[in-house]
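The next block holds one structure in the form of structure tokens; read it before the comments.
Below, read A as the first sequence line, B as the second, and so on, with proteins coming before strands; counting in each chain starts at 1.
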Amino acid sequence: MSLTSGIAGAWQRIGAMIFKEVRQMLRDRGTIGMMLAMPLAQLMIFGFAINNDPHRLPMALEVNDRSNFARAIDAALRNTDYFRVVAVVSAPGEGERLLQRGAVQFVVTIPPDFARDLVKGRRPQLLVTADATDPAATGNALAAIGDAVASALAHDLIGPLAARAGGSSPVDVVLHRSYNPEGITSHNTVPGLLAIVLSMTMVMLTALSVTREVEQGTMENLLATPLRPFEVMVGKIVPYLIIGLVQVMVILLAAAFVFQVPFSGPLPLMLGATLLFMITSLALGFTLSTIAQSQLQAMQMSFFYLLPSILLSGFAFPFRGMPQWAQIGAEALPTTHFIRLVRGIMLKGWTIADAATDLGVLALMLAILGTVAVRRYQDTVA
Amino acid sequence: MNAPAPAQPAQPQADLSQPVIDVHGLTKRFGGRTVVDAVDLVVGRGRICGFLGPNGSGKTTTLRMICGLLIPDAGEGQVLGFDLRRQRGAIKRRVGYMTQKFGLFSDLTIAENLEFFARVHGLDRRKERVAQALEQLGLASRADQLAGKLSGGWKQRLALAACVLHDPEILLLDEPTAGVDPQARREFWDQIHTLSANGMTVLVSTHYMDEAERCHEIAYIAYGRMLARGSIADVVDGSGLVALVGEGPGADRLASAIEQRPGVAMAAPFGTALHVCGPDLAALQAAVAPWADQIAFRVGRPSLEDVFIHLMRGAEDASVVVRA
């Protein structure tokens with residue numbers, strides 16, 4: 001008898017706890033919203049956005065030979081689902097420049113005298129250059145090129161030329177993996193990691209540190225002193241910048257000496273871009289902290305930013321493999337642009353001219369976030 | 001209620017009659033709620049002004065407006081001759097504000113906390129000032145202890161030390177002695193009087209009547225409105241209340257019965273005695289007549305508490321808005 005009443009009593013008390021927890025949970029709208037939004041966001045990202053077999057990759061066709069065969073190859077490549085021919089150029093080296101800038105993922109170069117060599121059975125070379133900074137993005141597509149070309153030419157190699165179509169391929173498809181010829185994954189991930197580590201620490205640390213002052217009641221004291229909001233911001237940001245710079249050094253040294261990642265661009269440009277990204281992330285963290293009511297909320301918000309930063313920025317999965325809407329969304333993340341900058345500078349030897357667009361976008365983001373942060377963070381308590 | 005004084009010239013003088021806090025019509029609303037409603041406050045240099053009122057009456061909000069932490073929605077004023085709205089930076093440099101909640105950094109040591117505030121205020125001879133403050137506090141031997149580990153009374157002393165480090169001309173204290181033992185309270189008030197004797201003006205909010213009596217003057221606010229201001233004698237006289245003090249067997253148990261009688265504003269037991277207050281002495285005497293044979297009633301002076309409770313009951317709560 002006493003046992004049952006003991007158990008009943010325990011349930012009564014547990015019930016009281018559950019009731020209280022549910023009430024508190026329902027009162028914290030931020031957490032409830034996050035709990036509902038998180039699975040939806042993950043479903044969207046993993047279910048629709050991420051694709052390990054990217055299709056419709058942008059390609060440039062450099063045609064140095066105007067013949068029916070070139071047109072047939074053009075048509076065949078357009079017909080494969082893997083490629084989207086976004087530019088047809090004819091000046092030698094122009095395809096290379098598009099690849100360097102990151103405007104296209106592939107360049108197919110049809111050499112001069114392609115038709116003549118083909119007809120004479122000399123197996124002309126068809127040069128396929130891929131941007132292999134992200135090896136995962138190019139693998140399947142490259143495999144598709146050879147078949148597409150062979151079947152395209154089979155249509156045209158008829159009549160007296162039919163003999164060229166049979167047997168071994170009539171053309172010699174030469175693959176060239178630019179910037180990462182051996183397709184080493186770490187050459188892609190280690191520079192990308194720089195962006196992820198900095199996003200994590202810079203955004204989260206700042207968001208937490210400001211809300212902590214508010215939560216512990218020290219902010220009121222700070223604001224009652226002659227400290228101005230801008231001074232509080234700078235004072236909080238500088239120590240984190242130093243932490244960030246140490247992280248940058250560690251990753252860059254490891255990249256160079258442990259992973260042997262090539263570093264082909266100018267170092268000052270790299271450091272400048274990194275600094276810009278760090279300050280942008282700190283400003284974002286500061287902005288979040290002016291919205292969050294508690295450290296817990298600040299943590300949740302940072303997490304909500306980090307999730308797409310890791311998954312959609314091109315760090316973990318090929319950027320070009322995502323559908324249009326996801327790519328547009330990811331363009332709004334500072335991490336996306338910084339990852340492009342890091343890979344561009346380290347692997348592709350970007351100069352300031354190549355980097356200008358992404359640097360400009362980051363600077364614009366910094367201007368917006370900085371303005372929002374300073375405006376929202378007032379020198380009054382309410 | 002006092003009429004608003006004319007605007008003061010900008011340069012504060014050492015003259016004791018010169019107000020250093022001079023604000024009029026201060027109003028602050030949060031959402032649809034008027035938390036502070038047209039409050040006037042004038043405090044002269046070197047005075048200790050007690051700021052009293054029930055919980056949620058707007059004391060903290062008023063203090064925050066005076067030290068530049070909040071911008072009033074309406075009202076004007078000068079603090080040390082600086083405009084309350086436009087010169088908040090200058091005010092912040094010359095005012096020390098001690099928050100209700102302990103607001104120092106609990107993960108810094110006592111000395112580090114003081115050093116931080118010395119730096120923020122750009123003080124010279126930092127080391128010397130911090131050492132001096134530690135000495136005065138009696139914390140020199142514990143300078144390296146974390147501030148968060150201190151007991152309530154010590155935290156309060158440290159907080160006071162931190163906000164007078166820059167020699168402010170005005171000290172604003174928000175319920176500084178809540179939860180502090182009587183001895184620490186006594187020492188705290190001795191310190192406040194020393195600071196005031198050296199010319200510092202103090203505005204201190206409190207719930208304790210004995211603390212109110214240690215002030216040179218008091219201001220009573222309820223539901224966001226200033227209900228009484230002046231010396232304690234002024235406030236008591238100004239209330240228009242008279243009191244009878246009854247002593248005798250069971251006097252303290254008659255409060256609720258007597259309070260029902262016409263002409264009685266309130267009746268409250270004080271130990272074994274009973275305070276009966278009302279606006280008219282003859283009516284009071286008539287009201288207590290049924291018990292006059294057992295209990296000796298003599299004419300007394302209403303206590304400050306009697307006056308405050310009377311004022312509070314008289315003021316309707318205009319701050320409560322009905323939610324749609």
Side-chain angles (χ1 to χ4, degrees), chain A residues 23 26-30 201 204-243 285-286 289-299 373-382, chain B residues 28-31 33 35-36 60-61 63-73 84-85 87-108 113-114 116-123 147-148 155 158-160 162-163 165-166 168 170-174:
Chain A
R23 273 212 166 132
L26 291 177
R27 199 136 301 164
D28 184 358
R29 295 217 184 115
T201 45
M204 205 178 282
L205 282 180
T206 336
L208 283 180
S209 93
V210 181
T211 37
R212 190 179 62 178
E213 303 260 11
V214 175
E215 228 173 41
Q216 295 186 341
T218 48
M219 190 54 92
E220 192 178 353
N221 252 345
L222 285 184
L223 295 178
T225 69
L227 273 170
R228 289 157 185 274
F230 179 71
E231 295 161 354
V232 174
M233 269 182 70
V234 173
K236 282 204 163 278
I237 278 176
V238 167
Y240 295 129
L241 269 183
I242 295 170
I243 294 178
F286 225 95
S289 79
T290 63
I291 302 167
Q293 307 284 325
S294 64
Q295 290 189 70
L296 180 68
Q297 279 190 14
M299 189 78 159
V374 171
R375 280 184 165 225
R376 286 196 54 97
Y377 182 74
Q378 295 294 323
D379 63 341
T380 51
V381 289
Chain B
K28 187 74 194 174
R29 297 180 202 94
F30 292 120
R33 210 178 123 94
V35 176
V36 174
T60 300
T61 306
L63 290 178
R64 284 173 168 178
M65 285 193 277
I66 291 172
C67 70
L69 272 177
L70 280 179
I71 302 169
D73 293 325
L84 201 57
R85 293 166 181 280
Q87 295 175 297
R88 288 181 296 128
I91 294 174
K92 284 178 178 180
R93 276 193 287 282
R94 292 166 180 81
V95 172
Y97 172 52
M98 181 171 157
T99 52
Q100 195 170 347
K101 197 179 157 196
F102 180 67
L104 300 193
F105 306 99
S106 26
D107 46 359
L108 292 187
N113 265 298
L114 293 174
F116 170 74
F117 285 99
R119 275 177 203 273
V120 161
H121 284 285
L123 301 181
K155 274 185 181 166
L158 173 60
L160 179 64
C163 68
L165 205 59
H166 62 292
I170 299 178
L171 189 54
L172 302 175
L173 306 169
D174 196 1

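Contacts between residues 205-214 of chain A and chain B, counted as heavy-atom pairs separated by less than 4.5 Å, involve A:Arg212, A:Glu213. Annotation: residues 98-105 of chain B contacts chain A through B:Thr99, B:Lys101, B:Phe102, B:Gly103, B:Leu104, B:Phe105 [non-hydrogen atoms, separation under 4.5 Å].
How far OG1 of A:Thr225 is from OH of B:Tyr97: 13.0 Å, rounded to the nearest 0.5 Å. Here the CG-CZ distance, from A:Leu223 to B:Arg88, works out to 10.0 Å after rounding to the nearest 0.5 Å. The CD atom of A:Glu220 sits 8.0 Å away from the OG1 atom of B:Thr60 when rounded to the nearest 0.5 Å. Note: B:Asn113 CG to A:Thr218 OG1 = 10.0 Å, rounded to the nearest 0.5 Å.
B:His121 and A:Pro226 make their closest contact through CE1-CD, 3.2 Å (heavy atoms, listed as atom of the first residue, atom of the second, distance).
Between B:Phe116 and A:Leu222, some side-chain heavy-atom pair lies under the 4.5 Å cut-off.
With sequence neighbours excluded, the residues satisfying side chain to side chain contact (heavy atoms under 4.5 Å, CB included) with B:Arg85 are B:Ile71, B:Pro72, B:Glu76, B:Asp83. For the side chain to side chain donor-acceptor pair (under 3.5 Å) test, no residue two or more places apart in sequence or in another chain qualifies with A:Arg375.
Contacts between B:Asp107 and chain A at a heavy-atom distance below 4.5 Å involve the side chain alone, from C-beta outward.
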